[in-house]
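Only this structure's heavy atoms are used, side chains among them; waters, hydrogens and symmetry mates stay out. Order of listing sets the numbers, starting from 1, for every ligand and every atom in it. We number each residue from 1, following the sequence as shown.
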Amino acid sequence: MISLVDLTAQYHSIKMEIDAAVLSTLESGHFILGPQVAKFEESVASYLGVGHAIGLASGTDALVIALRALNIGADDEVIIPAYTFFATAGTVISVGAKPVMVDIDPQTYQIDVNYIESAISSKTKAIIPVHLYGHPAEMKPILEIARKHGVKVIEDNAQGYGAEYFGKKTGSLGDIGCLSFFPTKNLGAYGDGGMVVTSDAALAERMRMLRTHGWKKKYYSEEVGYNSRLDALQAAILQAKLPYLDLWNKKRRDLANRYNEHFVPLGIVTPIKREWAKHVYHLYIIRVEKRDALQAFLKERGIASEVYYPLPPHLSIPCRQFGYKEGDFPHAEKAAKETLALPLYPELTIEQQDEVIAAVKEFVS
Ligand SMILES: *Cc1c(COP(=O)(O)O)cnc(C)c1O
């Protein structure tokens with residue numbers, strides 16, 4: 001049996017450090033915020049090259065708090081890619097705004113920058129590029145369009161931790177970057193976790209208030225906020241894992257390249273990497289017409305695979321109120337029918353990968 005990700009394999013590879021981090025946090029008596037969280041926030045800020053990092057309870061909360069900090073709400077519009085995890089759309093709706101979708105570039109699966117400008121209206125307040133699958137979105141044109149129209153950029157960097165755009169870390173390029181530490185993400189906690197990063201001190205202060213009931217001073221709420229904090233235990237675990245991130249991402253890249261070498265000759269559409277991109281392969285995505293048959297074939301051989309995502313957000317029930325319909329975003333809809341994620345994680349062995357490759361070859365021939 002080959003799974004899509006193996007979280008225990010990673011735990012066992014650094015068990016001593018993780019166990020020590022957990023135990024010392026238990027001994028410290030600090031569980032909500034405190035020194036562990038502050039230390040991890042500093043580590044992330046320096047890794048990404050940003051001024052401020054604020055630990056939160058999840059990546060979804062990071063998007064909500066980023067939107068709230070930019071005063072986005074009722075009657076506002078936010079531009080997002082038509083192909084992403086539902087949270088990108090759901091958080092926009094949850095603050096009362098309308099997600100305005102833009103179709104994706106079918107090669108990179110990122111928001112197609114050629115269609116962004118025509119989606120901008122007088123109500124547009126922000127653009128949320130998503131660095132989907134670990135490949136950076138095309139940030140330079142996005143930032144230029146945003147500046148020209150006076151709208152903000154929130155990067156959904158849940159899948160791009162460690163990725164680079166022209167040598168700069170994704171998450172550090174827009175006004176606010178949002179991270180997720182969901183266990184299967186490239187830097188994953190052992191539970192939920194998230195973070196917002198920014199180099200704008202005023203935005204940082206506002207987001208810090210929003211994570212604890214709108215407090216600047218304890219118990220004196222200045223606005224309605226949330227209870228959304230990164231656990232000290234998770235911060236300690238993530239701090240222990242962070243030094244390995246670049247190595248793990250390199251292993252992902254090496255495995256992805258090895259898949260590519262075998263799949264390209266078979267005529268399978270493999271992931272595209274633009275020359276300016278450092279790809280961190282959060283997911284390894286191939287495109288095949290008989291996708292569902294391939295998935296069933298792999299399952300029979302004990303190989304897991306997954307569709308990210310079977311339903312583009314515009315066709316979801318919560319988006320019906322905006323009048324979207326089938327056919328609105330053909331590239332997103334086609335990707336939902338043809339893409340498949342194959343097992344890829346840093347601890348995947350060559351033998352396991354060979355098994356996956358052999359099974360795919362057998363299916364194609
Ligand atoms: C995982 C993910 C999120 C949400 O993060 P959680 O920590 O699970 O709340 C948001 N956007 C994208 C693109 C994601 O992959």
Who's the nearest protein heavy-atom neighbour of atom 13 (C) of ligand 1, and how far?
D156 OD2, 3.5 Å
For K185, state whether at least one heavy atom is located under 4.0 Å from any atom of ligand 1.
yes
Name each donor-acceptor pair under 3.5 Å that joins a side chain in residues 90-100 to protein atoms two or more places apart or in another chain, with its distance.
residue, atom, partner, partner atom, Å
T91, OG1, A87, O, 2.7
T91, OG1, T88, O, 3.4
S94, OG, T91, O, 2.9

Protein heavy atom at shortest distance from atom 15 (O) of ligand 1
Q159 NE2, 2.8 Å
So that I can tick it off, tell me whether D354 and K361 are bridged by a salt bridge, with the cut-off set at under 4.0 angstrom between side-chain N and carboxylate O.
no
Which is it for T60 and ligand 1 at heavy atoms under 4.0 Å: side chain, backbone, both or neither?
both
Geometry only, no angles: is G59 polar-contacting ligand 1 at N/O separations under 3.5 Å?
yes
Can you confirm if the aromatic rings of H282 and W248 lie within a centre distance of less than 6.0 Å?
no
So, does T124 use its side chain to make a donor-acceptor pair with the main chain of E77 at under 3.5 Å?
no
Looking at atom 3 (C) of ligand 1, what's its closest protein heavy atom, distance included?
F85 CD2, 3.6 Å
Take L242 and Y161 through the test side chain to side chain contact (heavy atoms under 4.5 Å, CB included) and record every step on the way to the result.
CA-CA 11 Å; L242 183 57; Y161 202 33; 3.9 Å; yes
Given the ring of Y47, does K169 sit roughly above its face, with NZ or CZ under 6.0 Å from the centre of the six-membered ring and within 45° of the axis?
yes
Check ligand 1 against V130 and write out every atom of the ligand that is under 4.0 Å from a heavy-atom position of the residue.
13 (C)
